[in-house]
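Report on the following structure.
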Amino acid sequence: MSERRRLHPVLAVSFVAGSALAVMGAAIVTACGSADLAATRSVGARPAGMTVATEPSAYTAGQLRAALLPAVDRARPAAPAEAGRYATLPDVQTSRQTMTGVTVTPARCAQATMTAFHAPAFAAAPAAVVTFLVGRDGVSEVLVSAPPRLAETALGGLLPAGCDRYTATVDGETFGYQAREVPLAGLAKQARALNVRAAGYAGVNVWSVVYRGGGFVGAITMVGPDVSEQGVERLAIQAYATADRVLSGS
């Protein structure tokens, strides 16, 4: 079996799931949502006339990098944190490549589990991302500078009817997935969690939380056999507290 055929195209809530899996060195890859396939949906979700220029960024990429988690369960970052304009981050560009040749059925479900980070309005936004390897699991965090109206688009839209189960085909091989969204209360200004599992592959278990704070949007993604809803929610609370504290003092 070729290397390409051993890759699993999991569609998750955030591109950083791909970073987490890359760090794990697993023979699976997430084709990660917000980086690519959300662009079409988010254009329709944007308030009319809103552009990056109409709402200047609240934070610089350097400030966001300083607000990332320094460690997860005492594990240090697996690689230096990336910072810059969102669309230029290496992890974002890598995520685009992982979706090449992937066909999702039903087609509408290709956008079902996405946030809007890679929408045109987010492409030029300052951003930062960091990845960790914690035991058998990969963890990624992303922070993107966004004023309120733009931040709301990152959490807009729910899992469409019929997209709790879907398939993804790559190189003639089809994989089945289950997705479910979980409402979260009491985290930042707004938050939602999403779980995506690959049928028959215990290691392809993705939990993501996306939240919006004051002037920024954050996402925590955990990938691996040991991740859980409680674990990702606990880490998201910690990540938001850290980012809010650091950025509010900037």
Side-chain angles (χ1 to χ4, degrees), residues 12-21 23-24 30 32-35 57-84 86 89 91-92 115-117 122 125-135 137-146 148 151-152 154-155 181-196 205-224 226-250:
V13 72
S14 170
F15 86 86
V16 292
S19 303
L21 282 172
V23 170
M24 291 171 69
T30 57
C32 306
S34 60
S57 300
Y59 300 106
T60 67
Q63 289 173 317
L64 294 170
R65 179 165 49 195
L68 293 167
L69 287 169
V72 174
D73 290 344
R74 290 183 287 187
R76 305 296 297 178
E82 299 173 3
Y86 183 83
L89 293 178
D91 278 332
V92 176
T115 60
F117 288 167
F122 276 97
V129 61
V130 66
T131 59
F132 303 87
L133 180 60
V134 183
D137 303 325
V139 179
S140 291
E141 179 187 12
V142 61
L143 293 174
V144 185
S145 181
E152 289 173 2
L155 288 92
E181 189 175 47
V182 179
L184 293 180
L187 173 58
K189 297 180 180 296
Q190 182 185 4
R192 68 181 182 123
L194 190 86
N195 178 227
V196 179
N205 182 23
V206 182
W207 271 101
S208 292
V209 171
V210 181
Y211 66 84
R212 62 182 181 93
F216 66 97
V217 179
I220 287 287
T221 301
M222 303 181 72
V223 186
D226 300 321
V227 304
S228 66
E229 177 182 351
Q230 294 75 20
V232 74
E233 184 174 354
R234 181 170 59 250
L235 188 58
I237 291 171
Q238 179 184 347
Y240 168 68
T242 299
D244 186 58
R245 172 178 53 79
V246 173
L247 293 175
S248 63
S250 297

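The shown structure was predicted, so the numbers you read here are calculated from the model rather than taken from an experiment.
In terms of the side chain to side chain donor-acceptor pair (under 3.5 Å) criterion, residue partners of Asp226 (sequence neighbours excluded) are, by chain and number, Arg136. Residues passing the side chain to side chain contact (heavy atoms under 4.5 Å, CB included) test with Arg76, sequence neighbours excluded: Pro70, Ala71. Remark: Ala67 engages Leu143, Ala243, Val246, Leu247 in a side chain to side chain contact (heavy atoms under 4.5 Å, CB included) (not counting sequence neighbours). Residues satisfying the ring-ring contact (aromatic ring centres under 6.0 Å, His included) criterion with Tyr211, sequence neighbours excluded, are Tyr240. Annotation: side chain to side chain contact (heavy atoms under 4.5 Å, CB included) contacts of Ala236 (sequence neighbours excluded): Leu187, Val209, Ile220.
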Take Asp137 and Trp207 through the side-chain contact (heavy atoms from CB on, under 4.5 Å) test and state the conclusion after the steps. CA-CA 11 Å; Asp137 303 325; Trp207 271 101; over 6 Å; no
What do the steps show when you test Leu69 against Leu235 for side-chain contact (heavy atoms from CB on, under 4.5 Å), and what is the final call? CA-CA 10 Å; Leu69 287 169; Leu235 188 58; 3.7 Å; yes
Show every donor-acceptor pair shorter than 3.5 Å between a side-chain atom in residues 227-234 and any protein atom, with sequence neighbours excluded, or say none if there are none.
from, atom 1, to, atom 2, distance (Å)
Ser228, OG, Gly231, N, 3.0

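Between Leu89 and Gly84, the shortest heavy-atom contact is CD2-N, 3.7 Å. The shortest non-hydrogen separation linking Pro126 to Ala61 is CB-N, 3.5 Å. Residues Phe122 and Ala154 approach most closely at CZ-CB, 4.1 Å, considering heavy atoms. Between Ser248 and Asp244, the closest heavy-atom pair is OG-O, 2.7 Å.
Here the CZ-NZ distance, from Arg212 to Lys189, works out to 7.0 Å after rounding to the nearest 0.5 Å. One finds the CG atom of Leu184 at 10.5 Å from the CD atom of Gln190 (value rounded to the nearest 0.5 Å).
Of the possible donor and acceptor atoms, one in the side chain of Ser145 sits under 3.5 Å from a partner among the backbone N and O of Tyr59. In this structure, the side chain of Asn195 engages the main chain of Val206 through a donor-acceptor pair within 3.5 Å.
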